[in-house]
K.L.:
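Below are the structure tokens for one structure; questions will follow.
Sequence lines set the chain letters: A, B, ... in the order given, protein chains first and strands last, and positions in each chain run from 1.
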Number of protein chains: 2
Amino acid sequence: MALTHDEVIDAAVGLLRTHGLADLTMRRLARELEVQPGALYWHVANKQTLLVRVAERMLADVTTAEGSTPLLGIRRIALGIRAAVLPVPDGSDVVALGYALDPTSVAAFVRLRELVAELCDSPATTTAATDLIVHHVLGSVGVEQNRRAADLPNRGATGAFERGLDLALTSITTPIAQRSAHGS
Amino acid sequence: MALTHDEVIDAAVGLLRTHGLADLTMRRLARELEVQPGALYWHVANKQTLLVRVAERMLADVTTAEGSTPLLGIRRIALGIRAAVLPVPDGSDVVALGYALDPTSVAAFVRLRELVAELCDSPATTTAATDLIVHHVLGSVGVEQNRRAADLPNRGATGAFERGLDLALTSITTPIAQRSAHGS
DNA sequence: ACCTGAACACCGTTCAAGT
DNA sequence: ACCTGAACACCGTTCAAGT
């Protein structure tokens with residue numbers, strides 16, 4: 001019975017989850033699915049777009065349920081994304097690629113931006129604030145995952161992440177009144 | 001005459017600058033230096049540590065000169081890191097790896113943290129704020145570089161980056177008084 | 001001390017040809 | 001429509017052996 005696109009993506013996520021990016025190869029994936037490597041290219045254009053779909057799938061279950069306030073909703077989604085990506089080796093690299101190439105393909109990112117917009121006074125500020133939060137989430141996870149892969153300690157990473165997130169959130173709720181210096 | 005460690009790193013930076021990570025291979029590097037691939041392993045332990053040295057070299061010339069105020073100094077270093085990394089394809093990936101594995105190996109990161117510390121009331125806050133800034137810089141550059149590599153537009157990227165940076169800086173100078181909601 | 005030669009176990013992608 | 005077989009042009013790393 002014929003292979004489907006979804007089976008390919010599911011197998012790719014499984015491979016990433018258990019072995020990391022170094023072992024998520026087209027050839028290994030083909031072996032897992034018991035087809036020849038060339039068969040995959042009927043279902044996906046190339047490895048890059050495969051990875052974008054993998055990112056989508058990884059974040060598909062992040063809850064975007066209504067919260068009491070926009071700020072709490074933002075916080076919950078940020079924590080949700082972190083929780084979804086952290087256990088998947090090299091997950092932050094894959095999701096960062098997806099965010100760069102197609103930020104609207106992930107519901108959690110779209111919902112995050114909507115909630116941020118409720119607290120911002122212009123689309124430009126909304127974009128800047130959303131990016132700040134997403135970069136912090138993916139950057140933090142990336143550091144943790146790179147260190148883990150190199151057998152380095154991650155002491156206090158969760159606390160540091162949450163403190164950084166709160167700083168970012170503080171800046172969104174701070175009126176334009178107290179603005180810091182603008183150089184050059 | 002014998003190859004030196006520095007010649008290897010310089011050639012690696014050159015390869016990255018002109019062709020990106022996909023073409024920065026140990027074999028290609030060896031060809032460039034007119035040696036056999038195995039020869040490189042006398043000078044570097046493996047590709048991963050080579051990349052960490054490449055990151056160091058990329059940021060070696062970022063100016064950490066004294067500014068009038070800590071805030072302006074932070075801003076200048078952040079812009080300097082961005083300017084150094086942006087023109088090097090996949091530079092943000094390489095530097096992010098370096099920041100994760102050995103954040104003290106880059107003078108610009110160390111100086112950035114010192115300046116942030118002058119505005120923070122605890123080491124924990126200093127860490128969170130420094131990470132927030134670094135993640136924003138590298139995340140922004142990463143998005144731009146991934147999009148460029150995929151022939152996607154980067155309209156208004158510089159402005160969006162600076163707005164995000166200013167949000168992050170605002171949060172540092174905002175007293176603990178006006179703190180945003182803390183959930184769960 | 002520094003490098004070559006040669007091997008080992010892999011890659012992503014393409015494409016004629018099969019069913 | 002979907003896949004095989006086979007090829008093309010590559011990878012990182014190791015290590016005996018040479019100088």
K.L.:
Provide, to the nearest angstrom, the distance between the CD atom belonging to A:Q48 and the C1' atom belonging to C:dT13.
P.N.:
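Interatomic distance, CD of A:Q48 to C1' of C:dT13: 14 Å.
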
K.L.:
Does OP1 or OP2 of D:dC3 have a side-chain N or O of A:H43 closer than 4.0 Å?
P.N.:
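It does, given that an N or O in the side chain of A:H43 lies less than 4.0 Å from OP1 or OP2 of D:dC3.
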
K.L.:
Rounded to the Å, how far apart are B:L50 CG and D:dT13 C1'?
P.N.:
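To the nearest whole Å, that distance equals 14 Å.
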
K.L.:
To the nearest 0.5 Å, what is the distance between CZ on A:F161 and OG1 on B:T127?
P.N.:
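Answer rounded to 0.5 Å: 15.0 Å.
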
K.L.:
Can you tell me, in whole Å, how much space there is between the C1' of D:dC11 and that of C:dA6?
P.N.:
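Result for the C1' pair: 16 Å, nearest Å.
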
K.L.:
Centre-to-centre under 6.0 Å for A:H135 and B:H135, is that the case here?
P.N.:
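Between B:H135 and A:H135, which both carry aromatic rings, the centre distance is not below 6.0 Å.
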
K.L.:
A:L29 CG to C:dG12 P: how many Å, rounded?
P.N.:
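My rounded result for the distance is 9 Å.
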
K.L.:
Decide, yes or no, whether a salt bridge links B:E144 with B:R147 under the criterion of side-chain N to carboxylate O below 4.0 Å.
P.N.:
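No.
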
K.L.:
Searching all strands shown, indicate the nucleotide that pairs with D:dA1 (Watson-Crick or G-U wobble; both distances under 3.5 Å).
P.N.:
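Base-paired to C:dT19.
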
K.L.:
Tell me whether B:D90 contacts the main-chain N or O of B:L21 through its side chain, where contact means a donor paired with an acceptor under 3.5 Å.
P.N.:
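Side chain of B:D90 to backbone of B:L21: a pair is present.
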
K.L.:
For the pair made of NE2 in B:H5 and P in C:dC2, what is the distance, rounded to whole Å?
P.N.:
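These atoms are roughly 13 Å apart.
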
K.L.:
Are any protein N/O atoms closer than 3.5 Å to N/O atoms in nucleotides 5-11 of chain D? If there are, list each pair with its distance.
P.N.:
| from | atom 1 | to | atom 2 | distance (Å) |
| --- | --- | --- | --- | --- |
| D:dA7 | N6 | A:R27 | NH2 | 3.4 |
| D:dC11 | OP1 | B:T25 | OG1 | 3.0 |

K.L.:
Closer than 3.5 angstrom, by distance alone: can the side chain of A:Q145 be matched with the main-chain N or O of A:S92 as a donor-acceptor pair?
P.N.:
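Yes, because the side chain of A:Q145 sits within donor-acceptor range (under 3.5 Å) of the backbone of A:S92.
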
K.L.:
What is the distance, to the nearest angstrom, from the CG atom on B:N46 to the P atom on D:dT14?
P.N.:
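So the two atoms are 8 Å apart, to the nearest Å.
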
K.L.:
Atom CH2 of B:W42 to atom C1' of D:dT14: distance rounded to whole Å?
P.N.:
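Distance, rounded to whole Å: 14 Å.
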
K.L.:
Locate the shortest heavy-atom distance separating B:A128 from A:G164; write the atom from each residue and the value.
P.N.:
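In this case the closest contact between B:A128 and A:G164 is CB-N, 3.6 Å.
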
K.L.:
What is the distance from CG of B:L33 to P of C:dC2, rounded to the nearest Å?
P.N.:
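Value for this atom pair: 15 Å.
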
K.L.:
Which residues pass the side-chain contact (heavy atoms from CB on, under 4.5 Å) test with B:T25, not counting sequence neighbours?
P.N.:
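Listed in chain order: B:R27, B:R28.
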
K.L.:
How many Å lie between CG on B:L3 and C1' on C:dA1, as a whole number?
P.N.:
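In whole Å, C:dA1 C1' lies 13 Å from B:L3 CG.
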
K.L.:
Can you tell me the base-pairing partner of D:dC11? Count Watson-Crick or G-U wobble geometry only, both distances below 3.5 Å, and say none if there is no partner.
P.N.:
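Pair assignment: D:dC11 / none.
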
K.L.:
For C:dA16 and D:dC3, measure between their C1' atoms and round to the nearest Å.
P.N.:
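12 Å, rounded to whole Å.
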
